[in-house]
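Values below: all heavy atoms of this structure, side chains included; hydrogens, waters and symmetry mates excluded.
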Amino acid sequence: ESKEVALVMRLQNSPHYDMCGFITYGRRLKYYEIAERPVYYFETEENIEYVLDKFGIEAILFGNYANAKAESDRLIKYCVTHGVKVLIAPPIDEIVDGKLAHQGGIRDIKIEDLLGREEIKISLGEIMDNFRDKTVLVTGAAGSIGSELCRQLATFGIRQLILFDNAETPMHEIRLEMEDRFPDLKFVPVIGDVRIPKRLDYVFRTYRPQVVFHAAAYKHVPLMEACPREALHNNVFGTLNVVKAADAFGAARFIFISTDKAVNPTSVMGATKRMGEMVMQLYARTSKTVFSAVRFGNVLGSNGSVIPLFKKQIAAGGPVTVTHPDIIRYFMTIPEAVSLVLQAGAYAKGGEIFVLDMGEPVRIDDLARNLIRLSGFEPDVDIEVRYTGLRPGEKLYEEMLMQEEGLRSTPNHLIHIGRPLDIDVPAFERQLTALAAACRENSPAIRTLLAQVVPTYHPEAGGRPAANVS
């Protein structure tokens, strides 16, 4: 491809790389050269082995993520088996006379590179128009999604950014990063908890945010199975507190960060996030604030995600633990997800649940085995892959949209809108009151009440049950 040819031309003066030629899948019909370098063909591992040995190839360099992903089960697999490095290149304009224009250029390929997708395109002008010269509040600002929201919002010409989180050390870290990367940005880190209405009242009264991104949540499924009361306190009543404050203080927009686990939930966490969506839709009916939610799946590199865990297990010599050989998940990078969240927020008219197209599902067993190979080991030979069984509340697969919600398109083909379900407002308000009382009393009926509020919640469809500890 043109980028690979340009890459070879740019690197021909590099003191670090001797570009031997090009390699491509297919049958060789006749000898070809491109930019005075030969083109090698392969169809089998033996073909690869011949080229590697004959010419002393030490590394294969991919010019873009798409080509690397296409060869993840073929060329990359063969190279890793034969101890050949697999590298990925930076954008062409970062290479000048064989040298990188800045840090972070040619590097070893990572498993995250093979899970990427085509470049996500967003309407930057439309997004900036929604946030320019606005005061923006981000709850959960020190978390994976919240902190990336802050990074991207910092580039949109906002008036002021309010970072709200109850985690002191992560807040300190994001504060230092923002000071370093965005010295001209006016921002305020605030330690606080969405479960405390008086603290939220202070923040809204003091800073009068016009846009609110609510990312604060408990998200770890097994922990919330064991602590349903805390899941409700944070994900439902914490959300209700932020929604009430946004409504009372006249915020213009409110975007709730949801999850694919809210669709036909089998876990307490998923059911509480579905309730958070319902709270948002309840207030969207009458409030002047434009409320909406954005629902997506797993993000690569988030706190507690599976890839860092697998890397730790490989570094320790194994075993790498997978709950089930058939379990699948949808993945997206954090910057991709946040870019689409910002775009969806610009589309909101009130009450929508936006659903992000997460691409093709990934089998976690394949992910684990590919990561082991990229680390230079052979699965079940050097590093054991051990199946541990589904955890409490865990599904084999996640659904992105409730069947009865339907689907509408938006100008961005990666963002869809689910039709809001009808909510019996008086019944829902009574159920919220009953759940609040059950939480105060730590009642064993919490799960039963939760199932009454969220009819699609079916805990029996998840993994093994968990014992309550709250």
Side-chain angles (χ1 to χ4, degrees), residues 119-141 143 145-164 174 178 181-182 184-188 190 203-204 207-216 239 242-243 245-258 276-277 280-281 283-296 299 332-357 408-418 420:
E119 182 183 357
I120 285 179
K121 295 179 174 60
I122 58 173
S123 176
L124 198 58
E126 190 174 17
I127 293 174
M128 291 186 73
D129 287 344
N130 272 276
F131 302 117
R132 186 184 288 111
D133 203 31
K134 300 284 200 311
T135 296
V136 183
L137 167 68
V138 178
T139 73
I145 296 295
S147 60
E148 182 61 23
L149 277 166
C150 293
R151 293 182 193 101
Q152 294 195 26
L153 286 165
T155 67
F156 291 158
I158 61 176
R159 180 188 304 160
Q160 187 175 33
L161 181 62
I162 313 301
L163 291 74
F164 188 85
I174 189 64
M178 299 297 283
R181 291 183 59 183
F182 309 103
D184 297 327
L185 175 70
K186 184 179 179 182
F187 75 96
V188 183
V190 179
V203 170
F204 277 83
Y207 301 107
R208 302 283 173 164
Q210 294 148 292
V211 181
V212 179
F213 287 92
H214 179 43
T239 296
V242 185
V243 164
D247 176 57
F249 287 93
R253 288 180 178 272
F254 181 105
I255 299 95
F256 174 58
I257 305 300
S258 192
E277 294 176 350
M280 175 279 296
Q281 290 181 322
Y283 273 75
R285 292 165 175 256
T286 57
S287 177
K288 292 182 180 179
T289 301
V290 176
F291 286 97
S292 62
V294 183
R295 186 190 286 164
F296 54 90
V299 287
M332 182 180 283
T333 68
I334 295 173
E336 285 173 342
V338 167
S339 293
L340 291 173
V341 166
L342 293 169
Q343 179 74 80
Y347 292 151
K349 303 298 181 185
E352 300 97 336
I353 296 177
F354 293 96
V355 182
L356 304 189
D357 183 342
R408 288 190 287 127
S409 61
T410 72
N412 189 313
H413 74 283
L414 296 177
I415 303 173
H416 309 282
I417 304 173

Requested in this report: Report yes or no: does R295 contribute a side-chain atom to a donor-acceptor pair with the main-chain N or O of E277 at less than 3.5 Å?
Outcome: no
Query raised in the report: Are the side chain of T139 and the backbone of F164 linked by a donor-acceptor contact shorter than 3.5 Å?
Result: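 The answer is no, because no donor-acceptor pair under 3.5 Å joins these two groups.
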Close side-chain approach of [X] and [Y], heavy atoms under 4.5 Å:
| X | Y | result |
| --- | --- | --- |
| F182 | L161 | no |
| I145 | I334 | yes |
| V188 | Y207 | yes |
| S258 | I353 | no |
| K349 | V290 | no |
| V341 | F213 | yes |
| N412 | Y347 | yes |
| H214 | V243 | no |

**Report entry** Full working for side-chain contact (heavy atoms from CB on, under 4.5 Å) between I127 and F156
**Finding:** CA-CA 8 Å; I127 293 174; F156 291 158; 3.4 Å; yes
Report task. Evaluate the criterion side-chain contact (heavy atoms from CB on, under 4.5 Å) for residue pair I255 and L342; output intermediate values, then yes/no. Result -> CA-CA 9 Å; I255 299 95; L342 293 169; over 6 Å; no
Query raised in the report: Should the ring pair F291 and F254 be called parallel, tilted or perpendicular, given that the plane angle runs from 0 to 90° and is split at 30 and 60?
Result: tilted
[X] [atom1] to [Y] [atom2] distance, which is reported to the nearest 0.5 Å:
| X | Y | atom1 | atom2 | answer |
| --- | --- | --- | --- | --- |
| S292 | Q281 | OG | CD | 10.5 Å |
| H416 | L356 | NE2 | CG | 9.0 Å |
| S339 | E148 | OG | CD | 7.0 Å |
| T289 | R253 | OG1 | CZ | 11.0 Å |
| T155 | M128 | OG1 | CE | 6.5 Å |
| K134 | D129 | NZ | CG | 8.5 Å |

Kindly give the heavy-atom pair with the smallest separation between [X] and [Y], and that separation in Å.
| X | Y | answer |
| --- | --- | --- |
| Q152 | P335 | NE2-O, 3.2 Å |
| C150 | L163 | SG-CG, 3.8 Å |
| A284 | G350 | CB-C, 4.3 Å |
| S287 | D247 | OG-OD1, 2.6 Å |
| L137 | P209 | CB-CB, 3.7 Å |

Query raised in the report: Where do E352 and R408 land on the salt bridge (Lys or Arg N to Asp or Glu O under 4.0 Å) test, with the steps shown first?
Result: CA-CA 10 Å; E352 300 97 336; R408 288 190 287 127; 5.6 Å; no
Query raised in the report: Out of L153, V212, I162, which one pairs with V138 under the side-chain contact (heavy atoms from CB on, under 4.5 Å) rule?
Result: L153
Query - Residue among D357, V355, L340, V294 satisfying side-chain contact (heavy atoms from CB on, under 4.5 Å) with I415 - result: L340
Requested in this report: For R208 and T135, run side-chain contact (heavy atoms from CB on, under 4.5 Å): C-alpha distance rounded to whole Å, both residues' side-chain angles, the deciding distance at 0.1 Å, then the answer.
Outcome: CA-CA 7 Å; R208 302 283 173 164; T135 296; over 6 Å; no
